[in-house]
Amino acid sequence: MRINFRIRRYNPESTEHKKPYWQEFTVDNVEATDRVLEVLHRIKWEQDGSLSFRRSCSGGICGSDAMRINGRNRLACKILVRDVVEDGGTIQVEPILGLPILKDLIVDMEPFFAHYREVMPYFVNNDPVPEDGRERLQSSEDREVFDDTTNCILCAACTASCPSFWANGKYVGPAAIVQAHRFIFDSRDQAAQERLDILGEENGVWRCRTIFNCTPACPREISVTRAIGEVKLAIQRGSTEGIIHPDTIPAKQGHH
Ligand code: SF4
Ligand code: F3S
Ligand code: FES
């Protein structure tokens, strides 16, 4: 296949271009089953070594290569060329929105991780370690309650697709809420109320207007909006009790 790329470029050190601009590339001998990331590598290696983007694992695990591909947030390493373009067509690639662009497809993730740190994304349990030296045990039913949100890889595809976050970067955003959810609903954790208090504040969950962009953006197929709804409900009730139970969780119905 021959594929055209339209890539959003930006170099803060360029004297020629002061602002982001579009640049086009044509790549031959592309296989339909190539990943978009592989073809971006070919452009970098064969045509323009200055093209900059983040990537690490190439396997959908590290979360570093979220970018806007044909207008949708995707991981470039997970998307096949044939899924986004036909022979002779054009793939448009730009950085994710709502975060400052550093260079080309690389955005400054610090505001995103600052929100992540705000929600206490770590396990809290001040009880003594069990005397028999065993782990803090949990039933599989209790584990199931937050199983979905353990899958987050902090790629920012959800937060960077959220119009509420675009409008106000102080909003903690869906990714931080997903991370908080993972601990709030963990039966072994003891800081649920503190996290609910943080998320009940002005820039917490109530900035979510249930726009639903985040759920289809998630490459891990996490039910992001549902997790946010469960946190909202826990804040309203002042408790995590009785909000969700494995028996009441509907079968995963794919993307909303
Ligand atoms: Fe990425 Fe999904 Fe986690 Fe959001 S919830 S950061 S889209 S893995
Ligand atoms: Fe944004 Fe998702 Fe809520 S797109 S407004 S966080 S449902
Ligand atoms: Fe690691 Fe894509 S390079 S998720």
Engineer: Leu105, Phe112: one ILVMFWY side-chain cluster at the under-4.5 Å cut-off?
Structural biologist: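 Hydrophobic grouping puts Leu105 apart from Phe112.
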Engineer: If we only count heavy atoms from C-beta on, is the Ile177 to Tyr171 side-chain gap below 4.5 Å?
Structural biologist: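 Yes, side chains in contact.
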Engineer: Testing Cys214, Pro216, Pro219 for side chain to side chain contact (heavy atoms under 4.5 Å, CB included) with Cys158, which one passes?
Structural biologist: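 Per the side chain to side chain contact (heavy atoms under 4.5 Å, CB included) rule, the option paired with Cys158 is Cys214, out of Cys214, Pro216, Pro219.
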Engineer: Check whether Val93 and Leu99 end up in the same hydrophobic cluster, where Ile, Leu, Val, Met, Phe, Trp and Tyr are linked by side-chain heavy atoms less than 4.5 Å apart.
Structural biologist: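 In one cluster: no.
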Engineer: Working note: Glu16 + Asn11, criterion side-chain hydrogen bond (donor to acceptor under 3.5 Å, both in side chains); need CA distance, chi angles, decisive distance, verdict.
Structural biologist: CA-CA 9 Å; Glu16 187 187 349; Asn11 180 353; over 6 Å; no
Engineer: Is the backbone of Gly63 close enough, under 3.5 Å, to the side chain of Arg54 for a donor and an acceptor to pair up by distance?
Structural biologist: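 It does not hold such a pair.
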Engineer: Just by distance, do the side chain of Arg209 and the backbone of Trp206 share a donor-acceptor pair under 3.5 Å?
Structural biologist: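 Flag set: sc Arg209 to bb Trp206 pair under 3.5 Å.
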Engineer: Please check: side-chain N/O of Glu24 versus main-chain N/O of Asn4, any donor-acceptor pairing under 3.5 Å?
Structural biologist: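 No.
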Engineer: Any salt bridge linking Arg136 with Asp127? Criterion: basic side-chain nitrogen under 4.0 Å from a carboxylate oxygen.
Structural biologist: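 No, Arg136 and Asp127 are not salt-bridged.
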Engineer: Would Arg2 and Thr26 count as a side-chain contact (heavy atoms from CB on, under 4.5 Å) if you check the C-alpha gap in whole Å, the side-chain angles of each, and the deciding distance to 0.1 Å?
Structural biologist: CA-CA 7 Å; Arg2 164 177 282 204; Thr26 300; 3.7 Å; yes
Engineer: Testing Arg182, His181, Arg226, Gln179 for side chain to side chain donor-acceptor pair (under 3.5 Å) with Thr149, which one passes?
Structural biologist: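 That would be His181.
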Engineer: Closest approach of Tyr122 and Arg195, non-hydrogen atoms and distance?
Structural biologist: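 Scanning both residues completely, I find the closest heavy atoms to be O-NH2, 2.8 Å.
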Engineer: Which atom names give the shortest non-hydrogen contact between Ser50 and Asp104, and what distance separates them?
Structural biologist: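 Between these two residues, the closest heavy atoms are O-OD2, 3.3 Å.
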Engineer: Nearest 0.5 Å, what's the OG1-NZ distance between Thr210 and Lys232?
Structural biologist: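 Interatomic distance, Thr210 OG1 to Lys232 NZ, rounded to 0.5 Å: 3.5 Å.
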Engineer: Using only atom types and a distance under 3.5 Å, with no angle test, would you say the side chain of Thr215 pairs donor to acceptor with the backbone of Thr225?
Structural biologist: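 At least one qualifying donor-acceptor pair exists.
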Engineer: Which heavy atom of Ser14 sits nearest to which heavy atom of His17, and what is that distance?
Structural biologist: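 Smallest heavy-atom distance, with atoms named: OG-N, 2.9 Å.
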Engineer: How many angstroms lie between atom CG of Leu154 and atom OH of Tyr116, to the nearest 0.5 angstrom?
Structural biologist: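 One finds 5.5 Å between CG of Leu154 and OH of Tyr116.
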Engineer: Strictly below 4.0 Å, N to O, side chains only: are Glu94 and Arg6 in salt-bridge contact?
Structural biologist: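 Here Glu94 does not pair with Arg6 in a salt bridge, since their nearest N and O are not under 4.0 Å apart.
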Engineer: Supply the atom-to-atom distance Thr240 OG1 to Gln193 CD, rounded to the nearest 0.5 angstrom.
Structural biologist: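 So the gap between those two atoms works out to 8.5 Å.
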Engineer: Could you check Val85 against Phe5 for side-chain contact (heavy atoms from CB on, under 4.5 Å), going step by step and ending with a plain yes or no?
Structural biologist: CA-CA 10 Å; Val85 75; Phe5 270 76; over 6 Å; no
Engineer: Under a 3.5 Å distance rule, please check whether Asn213 uses its side chain to pair with a backbone N or O of Ser161 as donor and acceptor.
Structural biologist: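 Yes; judged by distance alone, with no hydrogens or angles, the pair exists.
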Engineer: Near Glu135 CD, under 6.0 Å, is it more than 12 heavy atoms from other residues, nucleotides or ligands?
Structural biologist: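 No, the 6.0 Å shell around CD holds no more than 12 heavy atoms from other groups.
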Engineer: Looking only at atom types and distance, does a side-chain atom of Asp142 sit under 3.5 Å from a main-chain N or O of Ser187, one as donor and one as acceptor?
Structural biologist: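 Between the backbone of Ser187 and the side chain of Asp142 there is no qualifying donor-acceptor contact (under 3.5 Å).
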Engineer: May I ask you to check whether over 12 heavy atoms, not counting those of Gln190, lie within 6.0 Å of atom CD?
Structural biologist: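 Yes - once you tally the heavy atoms of other residues, nucleotides and ligands closer than 6.0 Å, there are more than 12.
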Engineer: Enter the distance from Ile235:CD1 to Glu201:CD here, rounded to the nearest 0.5 Å.
Structural biologist: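 The CD1 atom of Ile235 sits 10.0 Å away from the CD atom of Glu201.
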Engineer: For Lys103 and Ser52, work out which heavy atoms get closest and say how close.
Structural biologist: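 The pair with the smallest heavy-atom distance is NZ-OG, 2.8 Å.
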Engineer: Show the nearest heavy-atom pair for residues Arg8 and Pro95, with the distance to one decimal.
Structural biologist: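 Between these two residues, the closest heavy atoms are CB-CD, 3.8 Å.
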Engineer: Please check this pair: side chain of Asn125 against backbone of Asp189, looking for a donor-acceptor N/O pair closer than 3.5 Å.
Structural biologist: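 No, Asn125 side chain to Asp189 backbone: no donor-acceptor pair under 3.5 Å.
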Engineer: Stepwise, does the side-chain contact (heavy atoms from CB on, under 4.5 Å) test hold for Lys19 with Tyr21?
Structural biologist: CA-CA 6 Å; Lys19 291 183 177 168; Tyr21 62 100; over 6 Å; no
Engineer: Could you go through Met120 and Phe183, starting from their C-alpha distance and side-chain angles, then the distance that decides it, and tell me whether this counts as side-chain contact (heavy atoms from CB on, under 4.5 Å)?
Structural biologist: CA-CA 9 Å; Met120 303 172 64; Phe183 294 102; over 6 Å; no
Engineer: For the pair Phe53 and His41, name the ring-plane relationship: parallel under 30°, tilted 30 to 60°, perpendicular over 60°.
Structural biologist: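 Phe53 vs His41 ring planes: tilted.
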Engineer: Do Met1 and Ile7 belong together in a cluster built from hydrophobic side chains that touch within less than 4.5 Å?
Structural biologist: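 Linked, Met1 and Ile7 end up in one cluster.
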Engineer: Against the six-membered ring of Trp22, is Arg9 placed for a cation-pi contact (under 6.0 Å from the centre, within 45° of the normal)?
Structural biologist: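 The answer is no, since Arg9 fails at least one limit relative to Trp22.
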Engineer: Report yes if some heavy atom in the side chain of Asp186 is under 4.5 Å from a heavy atom in the side chain of Gln138; otherwise report no.
Structural biologist: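 When only atoms from C-beta onward are counted, Gln138 and Asp186 do touch, with a gap below 4.5 Å.
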Engineer: Would you check if the side chain of Asn73 reaches a backbone N or O of Ala157 as a donor-acceptor pair within less than 3.5 Å?
Structural biologist: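 Indeed, once roles are kept as given, a pair shorter than 3.5 Å links the two residues.
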Engineer: For the CZ atom of Arg55 and the CG atom of Asp65, what is their distance to the nearest 0.5 Å?
Structural biologist: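 Going from CZ on Arg55 over to CG on Asp65, the span is 9.5 Å.
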Engineer: Does a side-chain heavy-atom distance below 4.5 Å link Ile91 with Asn70?
Structural biologist: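 Sidechains of Asn70 and Ile91: in contact.
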Engineer: Taking only Lys NZ, Arg NE, NH1 and NH2, and the carboxylate oxygens of Asp or Glu, determine whether Arg42 and Glu38 approach each other closer than 4.0 Å.
Structural biologist: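 Not counted as a salt bridge, because no side-chain N and carboxylate O are separated by less than 4.0 Å.
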Engineer: Between Ile69 and Val30, is there a shared hydrophobic cluster once you connect ILVMFWY residues whose side-chain heavy atoms come closer than 4.5 Å?
Structural biologist: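 Linked, Ile69 and Val30 end up in one cluster.
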Engineer: Between Pro111 and Pro100, is there a side-chain heavy-atom distance shorter than 4.5 Å?
Structural biologist: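 When only atoms from C-beta onward are counted, Pro111 and Pro100 do touch, with a gap below 4.5 Å.
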Engineer: Is there a path of hydrophobic side-chain contacts, each under 4.5 Å between heavy atoms of I/L/V/M/F/W/Y residues, joining Leu37 to Ile3?
Structural biologist: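 Result: yes, single cluster for both.
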Engineer: What distance do Met67 atom CE and Cys155 atom SG have between them, rounded to the nearest 0.5 Å?
Structural biologist: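 Those atoms lie 11.5 Å apart.
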Engineer: Around Glu86, counting heavy atoms of other residues, nucleotides and ligands shown, do more than 12 lie under 6.0 Å from its CD?
Structural biologist: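 Incorrect, the count does not exceed 12.
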Engineer: Among Ile198, Leu199, Thr159, find the one that has a side chain to side chain contact (heavy atoms under 4.5 Å, CB included) with Val172.
Structural biologist: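 Only one option passes, and that is Leu199.
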Engineer: Can a cation-pi geometry be assigned to Arg143 and Phe146, taking NZ or CZ under 6.0 Å from the six-membered ring centre and within 45° of the ring axis?
Structural biologist: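 Yes, a cation-pi geometry.
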Engineer: Which pair of heavy atoms, one from Ser164 and one from Ile211, lies closest together, and at what distance?
Structural biologist: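 Looking at all heavy atoms of both residues, the closest pair is N-CD1, 4.3 Å.
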Engineer: Side chains of Asn151 and Glu221 only: does a donor on one sit below 3.5 Å from an acceptor on the other?
Structural biologist: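 Judged by distance alone, the side chains do not pair up.
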